[in-house]
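By convention in this document, chain letters (A, B, ...) are assigned in the order of the sequence lines, proteins followed by strands, and residues within each chain are numbered from 1.
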Number of protein chains: 2
Amino acid sequence: MKIGELANRSGLTPSRIRFYERIGLLKAVDRKANGYRSYPAEAVTILGLIALAQGAGFSLDEIRALLPADLEHWEHDALAGALTRKVADIETLQARLARSKAHLLHVIDEIEARPDDIDCATNARRVLTRLLGEDAEMPVASLRAKQF
Amino acid sequence: MKIGELANRSGLTPSRIRFYERIGLLKAVDRKANGYRSYPAEAVTILGLIALAQGAGFSLDEIRALLPADLEHWEHDALAGALTRKVADIETLQARLARSKAHLLHVIDEIEARPDDIDCATNARRVLTRLLGEDAEMPVASLRAKQF
DNA sequence: CCTGACATTCAAGTTAACTTTAAGGTCAAG
DNA sequence: CTTGACCTTAAAGTTAACTTGAATGTCAGG
């Protein structure tokens, strides 16, 4: 199978597949006489797995550390541990998101529920004072460091 | 107030504050005779708001579009709309995370609950087959495009 | 007067995960 | 024999949000 067909079957682009090879996530495959890469059918499965793991929040580095050379020879304990830790990561993120959401809803409430008898500027001051006095959270965005 | 003091009070670094000015998130402030930036007390509030918004998942671009020149003159409707949309974004992410988590737990189950009478390789094939046959999700990581 | 803690600017580096571009081979079909 | 769809490589570009580095200026204290 040439790289274009593999790309079609796996849903990844050729450039992405070559990139994975370059960074050592995929081992270099055989070449035909003309230099074209020639993939075994198994490659579709491997790429599918990579995409799946990415979808679950694993970074390419993490995936590289877990993907066995032989698809039937997983490092059971490392894999189970990584999966469990990833679940914990997700739970952390869920908790953080819940707090962000609650916070946002609270702010929406504050700005919508302005008493009729005070003007916008006064209300703005009131909202601002409350907002900055409350909890200062860690940025949700900082989670990108952990692949979310 | 010089930039160092503002940095201390706001918890941001001086380089970050200069960066915000460079990209137009903060308007340029007055300079002392020696060229040093001189900030009004209000700047602490503004930086606090920026950090707060970032914590809630807003990108700097979004924040720039929402932050009024005058802190007491918010564009009420734009702000309320943006907050509401951000809550919706968070809900989308929550749903996605829930699915990822369920998926991971399912995989952990599959690899742990291997029947005693089949070997690792066979189990690996069984797990792989199920895994790749199921749903292929969008990567959680793709949410970074929306600031999470 | 010197030292050290500040301040300034501009350019370049960082991270992840790719894509894009450029310049060029290969090959089946018409 | 030429077109067009593929394939190859290496290098550079992308995005967000900063940081780091280099070269230099300012200023209060001892």
Asker: Would one find a side-chain N or O of A:Asn34 under 4.0 angstrom from OP1 or OP2 of C:dG25?
Answerer: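 Result: no.
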Asker: For B:Ile17 and D:dT20, what is the distance between atoms CD1 and P respectively, to the nearest whole Å?
Answerer: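 So the two atoms are 15 Å apart, to the nearest Å.
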Asker: Distance check needed: D:dT8 C1' versus A:Lys32 NZ, whole Å only.
Answerer: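 Checked: the NZ to C1' distance equals 14 Å.
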Asker: Can a side chain N or O of B:Arg37 be found less than 4.0 Å away from OP1 or OP2 on C:dT8?
Answerer: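 Answer is yes, contact under 4.0 Å.
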Asker: Check the distance between C:dA7's C1' and B:Ile3's CD1 and give it to me in whole angstrom.
Answerer: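 From B:Ile3 CD1 to C:dA7 C1': 9 Å.
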Asker: Taking the side chain of A:Phe19 as heavy atoms from C-beta outward, which of C:dC18, C:dT26, C:dT8 is closest to it?
Answerer: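 Looking only at heavy atoms from C-beta outward on A:Phe19, the closest nucleotide is C:dC18.
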Asker: What are the two closest heavy atoms between B:Ile111 and B:Asn123, and how far apart are they?
Answerer: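 Distance-wise, the nearest heavy atoms are O-ND2, 4.0 Å.
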Asker: B:Ser15 has a side chain; which of D:dC18, C:dT19, D:dT20 sits nearest to it?
Answerer: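 It is D:dT20.
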Asker: Should we count CD of B:Glu75 as having more than 12 external heavy atoms under 6.0 Å?
Answerer: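 It does not: B:Glu75 CD has 12 such atoms or fewer within range.
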Asker: Expressed in angstrom and rounded to an integer, what is the separation of A:Asp61 atom CG from C:dA16 atom C1'?
Answerer: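 It is 9 Å, rounded to the nearest whole Å.
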Asker: If you assign A:Arg31 and A:Arg22 each to the DNA chain D nucleotide with the nearest heavy atom, which residue ends up on the more 5' nucleotide?
Answerer: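 Its nearest nucleotide being more 5', the pick is A:Arg31.
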Asker: Could you tell me whether the side chain of A:His76 reaches within less than 4.5 Å of the side chain of B:Glu112, counting heavy atoms only?
Answerer: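 Contact flag for B:Glu112/A:His76 side chains = yes.
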Asker: Look at atom NE2 of A:His73 and say whether more than 12 heavy atoms of other residues, nucleotides or ligands are closer to it than 6.0 Å.
Answerer: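 Atom NE2 in A:His73 is not packed in, count stays at 12 or less.
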Asker: Mind calculating the distance between CD1 (A:Ile50) and P (C:dA17) to the nearest angstrom?
Answerer: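 Checked: the CD1 to P distance equals 12 Å.
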Asker: Between C:dA7, C:dA17, D:dC18, which nucleotide gets closest to the side-chain atoms of B:Tyr20?
Answerer: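 Of all the options, the side chain of B:Tyr20 is nearest to D:dC18.
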Asker: Rounded to the Å, how far apart are A:Asn8 CG and D:dA5 C1'?
Answerer: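 Rounded to the whole Å, the gap is 13 Å.
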Asker: Given D:dT8, is OP1 or OP2 found less than 4.0 Å from the side-chain N or O atoms of A:Arg18?
Answerer: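 The answer is yes; a side-chain N or O of A:Arg18 sits under 4.0 Å from OP1 or OP2.
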Asker: Is A:Asp70 atom CG crowded by more than 12 heavy atoms from other residues, nucleotides or ligands, each under 6.0 Å away?
Answerer: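 Atom CG in A:Asp70 is crowded, with more than 12 foreign heavy atoms closer than 6.0 Å.
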Asker: Between D:dC6, D:dT9, C:dA17, spot the one nearest the side chain of A:Tyr36, thanks.
Answerer: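 Nearest listed nucleotide: D:dC6.
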Asker: B:Leu12 has an atom CG; how far is it from atom P of D:dA17, in whole Å?
Answerer: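 My rounded result for the distance is 14 Å.
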Asker: Rounded to whole angstrom units, what separation is found between the NZ atom of A:Lys2 and the P atom of D:dA5?
Answerer: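 Rounded to whole Å, this separation is 14 Å.
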